[in-house]
Every structure is written in structure tokens, then in C-alpha cells.
Peer 1: 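My questions all concern the structure below.
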Amino acid sequence: MALNTLTIADARAKLAAKEVTSRELTQACLDAIEGASALNAVVTVTAERALDMADAADARIAGGDATAMTGIPLGVKDLFCVEGVRSQAASKILDGFTPPYESTVTANLWSSGAVMLGKLNMDEFGMGSATEYSVYGPTVSPWRAQGSDAKLTAGGSSGGSAAAVAADLCLAATGTDTGGSIRQPAAFTGTVGLRPTYGRCSRWGVIAYASSLDQAGPMTKTVRDAAIMLGAMAGHDEKDSTSADIPVPDFEAALTGDIRGKKIGIPREYRVDGLSDTIAKQWDEGAAMLRDAGAQVVDISLPHTQYALPTYYVIAPAEASSNLSRYDGVRYGHRAKLSAGDGITEMYEKTRAEGFGTEVQRRVMLGAYVLSAGFYDAYYRKAQRVRTLIKRDFETAFADGIDAILTPTTPSRAFALGAAAEMSPVEMYLNDVFTVTLNLAGLPGISVPSGLSADGLPLGLQLIGKPWEEGDLLNTAFALEKAAKFETKAARWW
Ligand code: GLN
């Protein structure tokens, strides 16, 4: 078995048994990356650093001081600042930005002994659902529909991470999820994506999109790997005031596979108009699998669900317009060439017009509009109120004894590359209909590969859990993964 195709858990076992070295694992991934430029998933390769870190990991393993992640080669979404490595959120405005500091999440991973392979493609600043809005160009999914060689999207915004994991360019990757950017790409690529409870992972050093919604999480080949990797990413951080000061449990120890007596809610409001038969069938089958595993599956109501998408698309752009005001050509990255007579205003205007892509400009304008004095009450304040109601829907369900909620992750299988350009912004935003709700409520959620569409493409189911109970959520996901037996890999064409 090629070493780059291993899971974290299998690689850990082989490293411990001295059957392989981290250098060998790392080299296998670097070779796979080199052969996969057609996917455009990896945008910066840090080969030398990777091999140095692998050697250090091997020495650590030999010294008997390894953690579960020691020697495991990872890819990192371009949204994470990595000291001394270009980190530009796939934006032209951060052209060439090389941070002099390290995000807390990646620092935690490196101190656990994980190995940094490089930076992964994404939608600019995390805004998008197809990884097409990137200064590096689009990521191409390793998957193709049966009998077709049309290029497909790997989802977004963490599409580079999803494609890299699905194509075995790394053992796992980091992602971030503001409105679904870990779970949707995971669903499109047959991988596992976990968005933790808001505050579980530090946001420090992760380039901000919408601060009250952003959260980092693992993108992996299996649920067990998600449990292992989350343990290494999470933890309290004084540098992020919203990071929770609570202990990080052993998530892997929660994976017993026993979900007997658990109460799983099926929210009727997610059966949206036009939900395809394929997705509806997956959902019913997922519910049946959990029932067969001994869970009690019940219908529930989350009455404010229909308002989640519009609420998200007020709050996220509002926070983005504020967060992105710092990119002005003075302190970071790109600055426009100025003409004689241009003053500071022209510098700001030209730099931001050149540096931000169309979608980012749309969000900044939308955000500035909903925050402006005349419209603040009508849009932003209203959205904040509705957000509270959405959160309350979940609280009521959990207070009624629900342990987890099962929904589809996406309304369709992966769409064609380029389709995003043909869609209206609102059609594009509809992709996030099942994922944004839990971001608004600050809850953890996971996408688990559950089956294939009629034309052979992966589909995912989403489980939503109680705050801070990722262990329990992962265990339910583990039971679902076991029952679904999703074992298909993308057939190699690249
Ligand atoms: N597609 C959503 C958006 O564009 C989600 C993005 C994300 O989670 N970063 O806002």
C-alpha cells in the first residue's frame, strides 16, 4: 500500500512498530503532490521544511516521546498563518505575505510532531463554495462522474484541503468552517470534515473572515483520524478571547461505536422544496443505519431553519467588511501603482479594487450596507435577533433529550467546475442551506461519506452535536461510518 494512502491511525501504528519512518511517509506525500498539479490543490510546497520536520519526528519517535500525530504529514489551508511561509488566503491583496508568526492551531500541530507539507487552495478569504474564487485558480476534484471526463468542483472554501485528502496528497489537512467550508467540500470528495464547537480551536493567526462564525477543524480520511487530529488542534489560547478555557478530552477514546439508546433528531424543516430524490434517499438510509445500530430516531422541528441562510448572508458579510478593512495597501501585501496626483484615498481605492476578487468585493459592499446607519436596524440587528432564535431551536431540541441531529450535508452532489460562474450569487449561497445553521448556533458538526450518487459521486450526511460534546458526536459519526462502509476512492486520472 502506497504510504501516502494511509490513514493517520494506520500510519501511527506503522511508525510505532518502526515499519516506516516519517521521512518515508513525507516523501511519499511529496511525490504524490508533484504528480497532482492537475488538481491545483496544493499552492505552496514546503518540501525542505517537511523533510526536516520528518527527521525531527523520527528522532522523537526513536526517543520514545511520540504523540498520536508525531510524524504525520499534513496539508494546511492557506488561511492559516505559518511562520515564514506564504500565507495569503488565496487573495491577491495579500500577495507574497509571509507571516512572522504562527497560528495557534498549526503551532499546536507542529508541537505534537506533525509535519507541514505545504499550503492548500481555497476560496479567497473563505468566501465561496467551489474553490473557484482563488488567486491561484480553481481546484479540480479528483472525482469524476461515471462515463464523463468533465471537471468537477471539490467544494469550497476548503476545496484544496478536501481534494488533497481525497487524492492522498497528505494524510489529513486543516480546514476552516464559517458556514460549511469544512463539511461541504468533505461531502463532495468522500472525506470526513469536522467543524468543532465555536471556541474549541483558537482563531489566533487564522486570517479572519467572520469572527463570530469562523472555526478551524480537521479534514481527514476517517472519523477516527478526525478525533485524533482535533485533539492536537484544540485547546485554550489566551491570544483568542473567544477560545474556551475547558479541558480537551481524549476524543479518540469516545469512539466505542456503541450508540444504543442515543436519540437522533431528523429535523423536518430540512426537507426543503426541490430536495433531490438521491439526497432524500441517502438521508433516509442514514437514519435507518443509526436505527439499526440501536439509536432511537425521532422527527423534530427546528422552526427557524428557513431564516438561517438569509441571516448568515447578513452577519457573515457584515463581519467580513469589518475584518477586511485592514487591507489597505499600507501594511500588508499588494499595493496598486499610483498615478501622479493620487492621494491616500486613491491608494486605498485602487489597491482594494485590484486586490480583492469580485465575490469578496460583493461581500464587503453587502456588509458595509447592512451595517450602515440607515439600515443597521432593518438588517444587522434583525439578523442578530433571528440568530438567537435559531440557536434557541437547537437548545430546545437538546433539552428535549436529542443527542445529535442528522441531515444531508449538501443539497446535491458535486457540481461541474465553472458552474459557479453561471450561477447567480443567491443560487451559489443556496449550497450552504444545510450547513450555516450550526455556525449561527456555535455548534459542532461533521460530514461523513455515506454513499454514491447514481453516477458514482460521493455524498455526505451531516451530524450536528451538542456544544463541547465532540466526543459523543464523533462516536455517532463513527457508528454511521461503520454502517455506511464507504470505501470507494476517486479513480486516478491526473
Ligand atoms: N460558502 C460559505 C460562504 O461563502 C461558507 C464559507 C466558509 O465556511 N468559509 O460564506
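The model shown is predicted, which means the values in this text are computed figures rather than measured ones. Note that ligands are numbered from 1 as they come in the structure, with each ligand's atoms numbered from 1 the same way.
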Peer 1: Report all protein residues having a heavy-atom distance below 4.0 Å to some atom of ligand 1; order the list by chain, then number.
Peer 2: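 Shell around ligand 1 (4.0 Å, heavy atoms): Gly126, Met127, Gly128, Ser129, Ser157, Asp177, Thr178, Gly179, Gly180, Ser181, Tyr209, Tyr312, Tyr313, Arg363, Asp432.
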Peer 1: So which heavy atom on Met122 is nearest to which on Ala90, and how close?
Peer 2: O-CB, 3.3 Å
Peer 1: Walk me through whether Glu354 and Lys350 qualify under salt bridge (charged side-chain N to carboxylate O under 4.0 Å, His left out).
Peer 2: CA-CA 6 Å; Glu354 277 177 16; Lys350 288 186 178 175; over 6 Å; no
Peer 1: Go through Asp377 and Lys382 one step at a time and tell me if the salt bridge (charged side-chain N to carboxylate O under 4.0 Å, His left out) criterion holds.
Peer 2: CA-CA 6 Å; Asp377 284 344; Lys382 180 72 132 216; over 6 Å; no
Peer 1: Can you name the ring pair (Phe, Tyr, Trp, His ring centres under 6.0 Å) partners of Phe97, sequence neighbours left out?
Peer 2: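 Scan of Phe97 (ring pair (Phe, Tyr, Trp, His ring centres under 6.0 Å), adjacent residues dropped) gives Tyr332.
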Peer 1: Examine Tyr429 together with Tyr313 and report whether their ring centres are nearer than 6.0 Å.
Peer 2: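 Between Tyr429 and Tyr313, the centre distance is under 6.0 Å.
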Peer 1: Which residue is it: Tyr209, Tyr327, Tyr133? I am looking for the one with a ring-ring contact (aromatic ring centres under 6.0 Å, His included) to Phe125.
Peer 2: Tyr327
